Amino acid sequence: MVECFRALLDNCNSWSHLKQIHALLTTSGLSKTDPFSWKFLSFAATSASSDINYAHRFFLQLSNPQLFHYNALIRGFANSNNPAKCFLIFAEMLLNAVVPDYLTYPFLAKAAARLSDRKAGGCLHARVLRSGLASDLFICNSFIHMYGSVGEVASARKLFDEMPMRNFVSWNSMLDGYAKSGDVSLMRQVFDQMPERDVVSWSALIDGYVKDGDHKEAMAVFEAMKAEGPKANDVTMVSVLCACSHLGALEQGSAMHQYIAEERLPLTLALRTSLVDMYVKCGAVNEALVLFHEVSARKTDVLLWNAMIGGLATHGLTSEALGIYAEMQDLGIRPDEITYLCLMSACAHGGLVDEAWGYFKSITRDGMVPKSEHYACMVDVLARAGRLEEACQLVCEMPMEPTPSTLGALLNGCINHREFDLAEIVGKRLVELDPAHDGRYVGLSNVYAVVRRWDKARSTREAMESRGVRKSPGYSCVEVYGVLHRFTAHDKAHPEIEEIYMMLVVIGEEIKFKSDDSERQDFVSSLN
DNA sequence: TGTACCTGGT
């Protein structure tokens with residue numbers, strides 16, 4: 001009998017199969033026998049087809065759970081969408097006088113990292129130091145990662161420097177710590193110093209540049225990786241596609257799509273989401289829709305829907321965005337706080353104030369708390385529509401200090417709707433709030449320029465310069481035949497600049513002609 | 001039985 005169960009469990013590779021074995025174990029009274037209960041718990045909590053809640057229910061039935069049961073459950077929760085449960089299980093473990101070992105701490109550190117819980121992470125590390133496990137390589141690596149993830153890269157570095165022995169995971173965790181902290185020069189230094197670089201090192205470097213906003217450098221590193229590094233994986237491509245979408249580089253993005261197919265990389269949900277995001281942001285709405293619709297709804301998650309809705313919203317395709325949301329609701333997929341931001345941004349572009357209010361109120365109804373971004377978005381909707389009084393009222397009512405983006409939205413509305421007295425007040429407040437940001441001074445100075453108060457406009461610019469803030473010139477990018485061209489205002493550097501300006505004149509005339517035409521059509525239809 | 005890289009926009 002015992003041998004029979006052992007063979008069944010060893011060959012078990014599916015969830016339904018495992019449930020059948022569980023039923024057999026229960027009816028035969030063997031389920032609480034250690035080797036089987038551990039094997040079962042470990043499969044239920046950590047395998048590819050795991051169900052952590054099922055594993056937890058099974059765990060609760062154990063009369064005398066052992067260290068390895070706790071470890072399996074903590075590991076499962078660390079990778080679940082509820083990592084905070086790890087700490088509850090850990091507390092229970094300590095209450096039951098079960099002593100954690102070298103397999104317990106890496107996953108607790110991971111949970112603290114995923115929750116960005118600096119306090120919990122620090123307590124756990126203190127416990128490790130007292131436990132005599134402090135020299136374990138895996139534990140050290142996990143805590144370097146934890147410190148990097150909670151924004152304490154200096155502590156990560158201290159741990160890294162004091163380690164008796166390092167491996168490539170130590171270096172990758174340190175690299176990732178600098179990537180997350182936004183310190184690209186130290187990130188690069190670690191990358192250049194590390195004894196060996198694998199696909200994780202390269203991917204972390206690329207993603208570090210993406211997070212820093214240096215998308216061109218991210219692409220350059222990817223090219224270097226193709227030339228001299230390991231083969232890229234699906235995670236690498238998620239970051240690379242993110243760079244393409246920010247650059248608006250459709251041809252490069254499509255080439256990446258082709259690369260994914262040629263290299264037969266798994267089209268994971270994250271990768272599909274990145275492709276949808278890239279296509280829609282680069283204006284290839286149809287390609288995005290094809291990729292979005294070709295996967296069955298069961299295999300989607302809210303992030304994929306957000307990418308589609310947000311992308312359509314960015315292009316002002318308001319009704320299409322709201323249509324996709326309606327589909328999402330029909331399928332019973334729960335929106336998250338990002339979904340609401342995407343929906344409200346769609347409303348802002350389409351001038352749908354009442355709908356935006358509806359979504360804003362739904363956030364609370366869905367059991368979420370509106371964040372400053374939601375207030376900023378709602379203020380933007382109201383301000384764009386010229387409902388400045390309501391916008392001001394919302395700013396006053398918001399439960400947190402208004403962020404620069406909230407006031408920025410209000411300022412734009414004031415300028416567009418010629419409320420210059422209010423614009424001056426908001427503009428001044430923005431400069432106070434964000435004194436290192438060049439755009440805030442420019443915004444206020446532009447308000448003064450519009451009302452011809454040149455002295456004030458000049459003194460605002462001077463205030464900016466005296467505080468050492470430099471105005472960085474705005475620019476835009478255009479991709480032609482796979483090559484990105486960057487232009488700033490009055491740019492004369494491009495070799496084909498004469499033809500480019502000539503084409504601009506032609507396009508300008510074309511727009512004028514089109515708008516005259518639409519006015520004429522409006523006039524004709526008003527007669528009917 | 002363990003550690004590292006990824007999917008909204010500002």
Side-chain angles (χ1 to χ4, degrees), chain A residues 38-39 41-43 45-47 67-76 78 101-110 113 133 136-146 148-149 156 166-177 179-180 194 197-208 210-211 213 232-242 245-246 268-278 280-281 300-311 313-314 335-345 371-373 376-377 380 403-406 408-409 437 439:
Chain A
W38 176 76
K39 177 86 183 175
L41 191 64
S42 156
F43 188 94
T46 64
S47 72
L67 174 62
F68 44 82
H69 294 123
Y70 282 105
N71 284 351
L73 200 61
I74 288 174
R75 179 182 171 193
D101 71 350
Y102 67 103
L103 295 168
T104 320
Y105 287 107
F107 294 110
L108 290 169
K110 183 171 190 169
L133 293 166
D136 184 282
L137 180 61
F138 283 68
I139 292 181
C140 280
N141 291 345
S142 309
F143 279 91
I144 291 171
H145 175 236
M146 183 280 291
S149 302
R166 300 182 191 115
N167 69 354
F168 59 103
V169 177
S170 328
W171 284 92
N172 285 343
S173 303
M174 200 58 243
L175 174 67
D176 177 54
K180 285 200 170 82
M194 55 204 297
R197 300 172 192 94
D198 66 355
V199 62
V200 176
S201 329
W202 286 88
S203 305
L205 185 73
I206 292 171
D207 196 61
V210 171
K211 294 278 182 317
N233 66 11
D234 53 314
V235 179
T236 323
M237 299 317 289
V238 167
S239 301
V240 171
L241 285 166
C242 187
S245 52
H246 280 97
T268 58
L269 191 49
L271 194 46
R272 182 182 294 277
T273 304
S274 304
L275 279 167
V276 166
D277 183 62
M278 180 278 294
V280 75
K281 284 219 188 84
T300 63
D301 66 2
V302 67
L303 279 99
L304 178 65
W305 291 82
N306 288 350
M308 199 65 244
I309 296 170
T314 313
D336 67 1
E337 45 192 39
I338 308 298
T339 318
Y340 283 115
L341 272 184
C342 296
L343 289 169
M344 286 161 65
S345 126
K371 294 212 248 182
S372 64
E373 290 94 328
C377 212
D380 188 41
T403 56
S405 57
T406 312
H437 190 299

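What's counted below: heavy atoms across the whole structure, side chains too, no hydrogens, waters or symmetry copies. Letters A, B, ... mirror the listed sequences (proteins, then strands); counts begin at 1. Computed from a predicted structure; not experimentally measured.
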Protein-nucleotide distance ([X], atom [atom1]; [N], atom [atom2]), rounded to Å:
X	N	atom1	atom2	value
F138(A)	dG2(B)	CZ	C1'	6 Å
K39(A)	dT1(B)	NZ	C1'	10 Å
L269(A)	dC6(B)	CG	C1'	12 Å
L275(A)	dG8(B)	CG	P	13 Å
L271(A)	dC5(B)	CG	C1'	14 Å
Y105(A)	dT3(B)	OH	C1'	16 Å
D101(A)	dT1(B)	CG	P	13 Å
I74(A)	dT3(B)	CD1	P	14 Å

Practice task
Report yes if a donor N or O on one partner sits less than 3.5 Å from an acceptor N or O on the other, where the partners are the side chain of D136(A) and the base of dG2(B); otherwise report no.
Solution key: yes
Problem - Side-chain-base donor-acceptor pair under 3.5 Å for T273(A) and dT7(B) - result: yes
Below 4.0 Å: OP1/OP2 of [N] and any side-chain N or O of [X]:
X	N	answer
R75(A)	dT1(B)	no
H69(A)	dT1(B)	no
K110(A)	dA4(B)	yes
H145(A)	dT3(B)	no

Report the nucleotide, chosen from [options], that has the shortest atom-to-atom distance to any side-chain atom of [X].
X	options	answer
K180(A)	dT3(B), dC5(B), dT1(B)	dC5(B)
I338(A)	dC5(B), dG8(B), dT1(B)	dG8(B)
K211(A)	dC6(B), dA4(B), dG8(B)	dC6(B)
F68(A)	dT3(B), dC6(B), dT1(B)	dT1(B)
D277(A)	dG8(B), dC5(B), dT3(B)	dG8(B)
F168(A)	dA4(B), dG2(B), dC5(B)	dA4(B)
L103(A)	dT7(B), dT1(B), dC6(B)	dT1(B)

Side-chain donor-acceptor contact under 3.5 Å, [X] with [Y]:
X	Y	answer
T300(A)	W305(A)	yes
D336(A)	T339(A)	yes
S173(A)	S170(A)	no

Assign [X] to base, sugar-phosphate, or nothing according to its heavy-atom contacts below 4.0 angstrom with the strands shown.
X	value
F107(A)	sugar-phosphate
I139(A)	base
S405(A)	nothing
E373(A)	base
N306(A)	nothing
K371(A)	nothing
D198(A)	base

Fill in the blank from the handout: For A307(A) and V280(A), the nearest pair of non-hydrogen atoms, with its separation, is O-CG1, 4.1 Å
Practice task
Determine yes or no for a side-chain-to-main-chain donor-acceptor pair under 3.5 angstrom, with D207(A) supplying the side chain and V210(A) the backbone.
Solution key: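 It does not hold such a pair.
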Practice task
Working to the nearest 0.5 Å, report the span between NZ of K110(A) and OG of S149(A).
Solution key: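 So the gap between those two atoms works out to 10.5 Å.
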Handout entry: Listed partners of A204(A) passing side chain to side chain contact (heavy atoms under 4.5 Å, CB included), at least two apart
Key =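 A204(A) satisfies side chain to side chain contact (heavy atoms under 4.5 Å, CB included) with L175(A) once adjacent residues are dropped.
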